[in-house]
Structures are given as C-alpha cells and as structure tokens.
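By convention in this document, chain letters (A, B, ...) are assigned in the order of the sequence lines, proteins followed by strands, and residues within each chain are numbered from 1. The figures that follow rest on heavy atoms only: side chains count, while hydrogens, waters and symmetry mates do not.
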Amino acid sequence: MSAENTPKNFICQIIDADLASGKHQRIVTRFPPEPNGYLHIGHAKSIVLNFGVVEDYAGRCNLRFDDTNPAKEEAHFVEAIQEDVRWLGYEWSELHFASKYFGQLYGFAVELIEKGLAYVCDLSPEEVRAYRGTLTEPGRESPWRNRGVEENLDLFRRMREGKFPDGSRTLRARIDMASPNMNLRDPALYRIRHGLIHHQTGDAWCIYPMYDFTHPISDAIEGVTHSLCTLEFEDHRPLYDWVLDNISIGCHPQQIEFARLNLEYTVMSKRKLTQLVDEGHVSGWDDPRMPTIAGLRRRGYTPEAIRDFCNRIGVTRADSTVEMGMLESAIRGDLDACAPRRMAVLQPLKLVIVNWTEDHEEILRGPNHPKNEDMGTRELVMTREVWIDRDDFREEANKKYKRLVLGGEVRLRNGYVVRADEVVRDEQGEIVEVRCTYDPETLGRNPEGRKVRGVIHWVPVPRAVHAQVRLYDRLFRVPQPGRDGNFLADLNPDSLRVIDGAVLEPSLGEAAVGERFQFERESYFCRDIEDAAGGRPVFNQIVSLRDSWGG
RNA sequence: UGGGGUGUCGCCAAGCGGUAAGGCACCGGACUUUGACUCCGGUAUUCGCAGGUUCGAAUCCUGCCACCCCAGCCA
C-alpha cells in the first residue's frame, strides 16, 4: 500500500542521501502527539509518513507523548491515541513520554545555566510580552538577564522546590532579544505550574519544560535521525538546533518540516474539534461526521483506505487543501473490492406481484460480490409483496429513466422481471402500492424478444429487517469553514439525516457491529455500535456510490 | 513595512538545464442483472508575473506579485 509507483517525496530523498553518504545507518523517526485530544486525519498523514518511512527503510519509529503541559492533557487521550495508531495498522518500536525525561531535562537546563546560556527571569507574563518587542521592532533585554550563575542555579532549584508562585518566574534561554526570529528572543524554557496532577508524573513536579526545550532533547535521547514536523515549526528550527548545540548530548536529529493536511468541508484544528465535541455540535469525538480517526472508524472507513489516501496526497512543503473527493475515492476503492453486496430499501414503496401465489416463498441466491466468486453467495427470499425504493418507480418517465414505470418492465435484482400494471393510492392521492405481474421465465436469464434495461433492488415485505439508517453529508457547508468569521456558523444543519423506516434483506439481520456492506445502488454502510429503539440495528453510511446519472 | 516559507491543469502532485509523469475530479465511448466496478479515449504549447543568462529554462539569475507561518510562561 505504500504507493509503489509514487515518486519519492522530498523527505525520502533526504533520507536516501543520508543513507548514501553514511550519515546514518538506520533511520529513526517518532510520532509525537500531545495527549490533549483525539487524533484526526491530519495526524494520520504524519503517522503514515513517520511509520511508513521506517517500514520502507527498515528503521524504527517511536510513539512519544509530548506531555509537557498537564493543564491540557488527560490519561484518557493517551489511551485513545494508542488505539488509533494501532488501528491504523502501526506498531511503535518504543513507547515514550516526554515526561519520563523530566529529570534529564532538568539537568540540561542546569547545564545551560552553568554556561551562562539560561537565566531565571522575574518578569511577569505581561512584562515579558512588553519586553519582547514586535515583528518589526527588536525586544529589550530583561533586567534579570545578567544574573550570576550561582544565583540562577539557586533560583532555578527553588523554582523546582515550589518556593515561587505560578507566573512569578521562568527559566529563559539567553539568546538574542533583537533577533528577527521571535523564537530566539530569550524563549521560556520552564514555567511554574502548581496544583496540577500530571497524568504520568503526578505531583512530582511544579515546573514544566516548554516544547522548544523538550522536543529536541527528547528526540536526541531516543536517537531520532529525522524529526518530522509541520511547517509552523520551521521558525523553531534554529531554537531546536540551538538547544542541542549547547548541551552535552551526543546526538543531533535533523528537523524537517512538511505541510499539514487541510481537507475541504471540515476543520482540523484540535481546538475546533474539541469545541465541536464540548458544545455538543456532534455526538462525540467518534461522531461519524468527525474527521477524527475514531470518527472515521465508526463511520466505517478502513485503515487501508486512510493509509492509501495519505500516500496519494503526497508530502510537500506547499500549503494545500485536499478535496473530500480524494478521501472518498480511497474508501470507495477499498470497499468496492471488499464489501459484500446486500439489498436495502431506504424509502419503502410496496410492490405486490399479483400473479405470485399468496404466502409462497421462494429461496433465491445472490452473489456477495459481482466479480469475486470466492466471496460466495447468500440466501434471498422472494415473496408476493416486496419493498422497492420510491425513487425506483414513476408513473411515467422519459427513456433516460431506466427503472420501473407504469406499464414497463424492470428486473428485481437477483430475481425476476416484473411489469407494473397499476398503482393504488390513499385518500391523499399518494401512491401506496404498485401492482405488478412477474415473468416466471426470467430468473437468471433474459426474457425473449425484449430487453429489460433497468435493475432495481428490493426486500421481501414479510422477511424485512427493520433498521435505522444514518445518512451523512459534509459537516460544514463551505469548503473552508470559518474563512470569514466563526466556523460554527458554517456548520451544515443537514449533515446527519436519520432514516428510521429502512428495510433490509433478511441476511442483514445477522450483521455484526463494524461490518461493512455495499447496499447495492445506494451506498456503503457499516453497522453501528449502538442500536436504535426496539433493538433495531443502525447502519451508518460510509460513502455513497459514485453516481453518474444525477437524476 | 522584520524574519521564515510557498507558488506546475478545478484539487493533490512529479519534474532537480534538454523540450510538462501520475492520481482525484470532469467529458466522451465500451461493458454491465448495481445509472456501481472495470475498460478505452479526451482534457496545461504551458509551469504566479516581468525581464535576463543559455543552442535550449518549470528548472539558473534579477525584480515584482500573491498566499501561509511567527509577537503563549501552548504544542
């Protein structure tokens, strides 16, 4: 699945060169999520890149939780993230937590202080901001910038011992307050945070290292060779290098940035996804409309399709927004080959076959896949009354409409050809029944002297399995939610359509949770984990079938 | 208006000085007991723009333009 014919992306080209030059014998990467939310399709791009690259080069990839901000993180997320990575089909070489390095990190901070490259700053957050300058004006040096090493050492030790309140002091790198790169204007290395219970370290620490200090060191400790991250960290690379260049650590991974994934009609930021969940705009992180791995999984997407999608979109440094059609194509491709075919009627209209013996049931067989006999067949039951979709019948229509028309014929999929003779209406004049005649000579063969172009699906009325079907549309109604204003205003009010009166062919009564099918001529569906009222199964629409008719 | 990036078909994306891959989408046509799948065929004289170098440029140089990121004690 790793795209044999796709040309190598720029990162693989760098790796090729590093291997060829002997800079590295073996590649080591890492996927470093912060456990403050669920993984989404954008993370999948990074996962497929990091884990995929080491599969291709026989290297190693670690899963490392970047858990340096206990205020936002939860143990629950670290569990979910591991589940998602595994579900995507990957196993990490080593499982790490940046928090496990807190001791070493502290030591390296001390080293920087001893070298005069870090100092304890007493400025308040507001003052720090004021001193930092702006994009066009240099910052001013903190009045605490030139404290002596011993004083800094003492202060830092007391910070760790909990002697100072939150926000009162920070440990800062001593770099250059006039740097045009804001990240180099004496960035904070440690901040004080009391009263938090870290999911891994509990209350052992009251000072926590910042990302810019933690990340390069964590990478180096693990012997990472290529530290892949997204474009917004590009400006941080000089700091990443500065940290490693100034401490005693014999490893200096290369940070390489690539463009993050943007998908049309959805949002990818954890902040926004969290908001959708917290404010109840969706049912949860695994709502089938969410671009989260959990949501896609519940929706019925396969790991194979997601990996294929990630390989298809490529890896570059150019900002891009991928069309939803790209993702849909990937899942359709996988499901077309693997999903057993079934028949289900979403908008039932009764068809009565007047020349069929009352109460007579005939067992028919339908192939599970039209092109793969190995997938076998399943039993179908033909009865005098069957459900067909309201859209598959019209009293009159032009020749482009190849379904059932009054006076015309159509084949019942996997069954006989029937002719519509008359319609029955209710008091409101709405058609409630179509009376037909079937041709007993047409099972498995074409009728003599005429051609029947249309084929429609059906479900036997007395054997129908009643179910709830959930149809999904894009979560947002515009390609770039929030582009002009609040993204919530762009939510698509019709993203979920619940169909309570769907009827399914008998065999679907045994569908297992998570099982995927193609409901022929409709869409691909997946049995949901929850049932609807009355114990009826719920089926989630994974993706529609391609429709080139449009009628 | 400081710094860092990016601009190749509607959307992704190859290309790395020798005369524009591929995928998605789209449009034709074939096949079809899924208007699905599959299969054929079509779709950039042109690479953000303008100059320049060269026998030759999307690829090199110069200058513009557009868009993205950075002023968290978030990651």
Side-chain angles (χ1 to χ4, degrees), chain A residues 3 5-9 13 32-34 36 66-69 71-72 121 123-125 128-129 132-139 166-172 179-185 187-193 207-208 210-212 214-215 229-238 257 259 264 270-271 311-330 332-333 336-337 341 343 366-367 369-371 400-403 410-415 417 442 444-446 452-457 479 518-522 544-551:
Chain A
N5 301 316
T6 10
K8 294 200 169 186
N9 63 52
Q13 291 181 25
E34 180 187 16
N36 66 345
D66 233 323
D67 55 349
T68 56
N69 185 4
K72 293 183 175 177
C121 179
L123 254 26
S124 69
V128 168
R129 194 182 322 127
R132 186 154 33 224
T134 68
L135 295 179
T136 52
E137 306 159 32
D166 286 9
S168 62
R169 287 183 164 83
T170 53
L171 178 72
R172 292 227 259 165
S179 172
N181 181 340
M182 300 295 282
N183 295 301
L184 264 22
R185 319 247 263 227
L189 264 23
Y190 269 89
R191 74 283 216 179
I192 300 170
R193 285 290 176 275
I207 57 173
Y208 290 93
M210 302 290 288
Y211 165 87
D212 283 316
T214 309
H215 210 84
C229 63
T230 42
L231 251 26
E232 66 269 29
F233 291 102
E234 190 159 18
D235 290 342
H236 296 242
R237 194 169 66 223
E257 312 84 17
E264 286 190 342
K270 261 198 243 183
R271 194 207 106 230
N311 285 132
R312 288 193 202 185
I313 59 175
V315 179
T316 69
R317 291 175 62 83
D319 292 312
S320 66
T321 302
V322 177
E323 290 178 341
M324 202 51 100
M326 199 70 102
L327 218 206
E328 295 178 342
S329 168
R332 284 196 186 103
D336 174 59
R341 294 332 85 130
M343 294 195 285
H369 191 104
K371 296 191 172 179
K400 299 282 280 292
Y401 185 80
K402 26 188 273 198
R403 307 180 191 180
V410 77
R411 174 177 294 283
L412 292 183
R413 175 78 166 154
N414 297 130
V417 168
T442 55
R445 62 184 180 193
N446 291 125
V452 175
R453 283 205 310 153
V455 179
I456 64 174
H457 53 92
Q518 180 195 103
F519 288 177
E520 292 190 298
R521 304 208 311 129
E522 288 289 354
S544 69
L545 248 33
R546 196 162 150 273
D547 181 6
S548 57
W549 187 50

Over 60° means perpendicular and under 30° means parallel, so classify the ring planes of Y211(A) and H236(A), tilted if in between. perpendicular

Whole-angstrom distance between G2(B) and A71(B), as gauged at atom C1': 11 Å

Not counting sequence neighbours, which residues clear side chain to side chain donor-acceptor pair (under 3.5 Å) with E328(A)? List them please. none

Gap between atoms CG and C1', on D336(A) and U34(B) respectively (whole Å): 10 Å

Please enumerate all residues that pass side chain to side chain donor-acceptor pair (under 3.5 Å) together with R521(A), with sequence neighbours excluded. D392(A)

If you look at every strand shown and take non-hydrogen atoms under 4.0 Å, does K400(A) touch a base, only sugar-phosphate, or nothing? base

Base-pairing mate for U54(B) - Watson-Crick or G-U, with both contacts under 3.5 Å: none

Mind checking who U45(B) pairs with, Watson-Crick or G-U wobble, both distances under 3.5 Å? none

Give one of base, sugar-phosphate or nothing for G444(A), where a contact means two heavy atoms less than 4.0 Å apart. base

Where along nucleotides 7-13 of chain B does protein come under 4.0 Å, by heavy atom, of base (B) or sugar-phosphate alone (S), with - for untouched nucleotides? ---BBSS

How far does the C1' atom of C40(B) sit from the matching atom of A57(B), given to the nearest Å? 36 Å

Is G72(B) in the syn or the anti form, by the rule that syn lies within 90° of 0? syn

Counting just side-chain N and O atoms, does R546(A) come under 4.0 Å of either OP1 or OP2 of C26(B)? yes

For C31(B) and C47(B), measure between their P atoms and round to the nearest Å. 41 Å

Regarding E257(A), tell me which of base, sugar-phosphate or nothing describes its non-hydrogen contacts under 4.0 Å with the strands shown. nothing

Rounded interatomic separation in angstrom, taking CG from L231(A) and C1' from G4(B): 10 Å

Which nucleotide, in any strand shown, forms a Watson-Crick or G-U wobble pair with A25(B), with both distances under 3.5 Å? none

Across every strand shown, the nucleotide meeting Watson-Crick or G-U wobble geometry with A13(B) (both distances under 3.5 Å) is none

Side chain of R521(A) (C-beta onward), nearest among U34(B), C26(B), C24(B): U34(B)

R546(A) side chain to S329(A) side chain, donor-acceptor N/O pair below 3.5 angstrom: no

Could you tell me if the side chain of S168(A) sits less than 4.5 Å from the side chain of I192(A), heavy atoms only? yes

With a 3.5 angstrom cut-off on both distances, give the Watson-Crick or G-U wobble partner of A66(B), or none if there isn't one. U6(B)

Nearest-Å distance, CG (N9(A)) to C1' (G22(B))? 15 Å

Between L545(A) (CG) and U34(B) (C1'), how many Å, whole number? 7 Å

Please evaluate residues E34(A) and K72(A) with respect to the criterion salt bridge (Lys or Arg N to Asp or Glu O under 4.0 Å), reporting the C-alpha separation (whole Å), side-chain torsions for both, the decisive distance (0.1 Å), and the verdict. CA-CA 9 Å; E34(A) 180 187 16; K72(A) 293 183 175 177; over 6 Å; no

Checking only heavy atoms, does the side chain of E522(A) share a donor-acceptor pair with the base of U34(B) at less than 3.5 Å? no

Nucleotide forming a Watson-Crick or wobble pair with C37(B), both distances under 3.5 Å: none

Step by step, would you call R237(A) with D212(A) a salt bridge (Lys or Arg N to Asp or Glu O under 4.0 Å)? CA-CA 9 Å; R237(A) 194 169 66 223; D212(A) 283 316; over 6 Å; no

Would you mind classifying the nucleic acid contact of R341(A) as base, sugar-phosphate or nothing, using non-hydrogen atoms under 4.0 angstrom? base

Separation of R403(A) atom CZ from U34(B) atom P, in whole Å? 13 Å

Which nucleotide sits closest to the side chain of V455(A): C37(B), G35(B), G5(B)? G35(B)

What integer distance in Å separates Q518(A):CD from U38(B):C1'? 14 Å

Hey, what do you get for CZ (R317(A)) to OG1 (T230(A)), rounding to the nearest 0.5 Å? 11.0 Å

Between G63(B) and C11(B), how far is it from one P atom to the other, in whole Å? 29 Å

For H457(A), the ring-ring contact (aromatic ring centres under 6.0 Å, His included) test, sequence neighbours excluded, returns none

What distance, rounded to whole Å, do you find between the two C1' atoms, one in U53(B) and one in G17(B)? 12 Å

Side chain to side chain, N446(A) and R411(A), heavy atoms closer than 4.5 Å: yes

Given the C1' atoms of C61(B) and C69(B), what is the spacing between them in whole Å? 27 Å

Pairwise C1' distance, U8(B) and G22(B) [rounded to whole Å]: 13 Å

C68(B) and C27(B): how far apart are their P atoms, nearest whole angstrom? 32 Å

List the protein contact pattern of nucleotides 70-75 of chain B with one symbol per nucleotide (5' to 3'): B for base contact, S for sugar-phosphate-only contact, - for none; contact means a heavy-atom distance under 4.0 Å. BBSBSB

Between L545(A) and E522(A), is there a side-chain heavy-atom distance shorter than 4.5 Å? no

In whole angstrom, give the distance that lies between atom NE2 of H369(A) and atom P of U34(B). 12 Å

I need the CD-C1' distance between E328(A) and C24(B), as an integer number of Å. 11 Å

Taking salt bridge (charged side-chain N to carboxylate O under 4.0 Å, His left out) as the definition, give me every residue that meets it alongside R445(A), ordered by chain and number, with sequence neighbours left out. E441(A)

Mind checking Y401(A) for me? I need base, sugar-phosphate or nothing, with any heavy atom below 4.0 Å counting as a touch. base

If you compare every side-chain N and O of R332(A) against the phosphate oxygens of C37(B) (OP1, OP2), does one of them come in below 4.0 Å? no

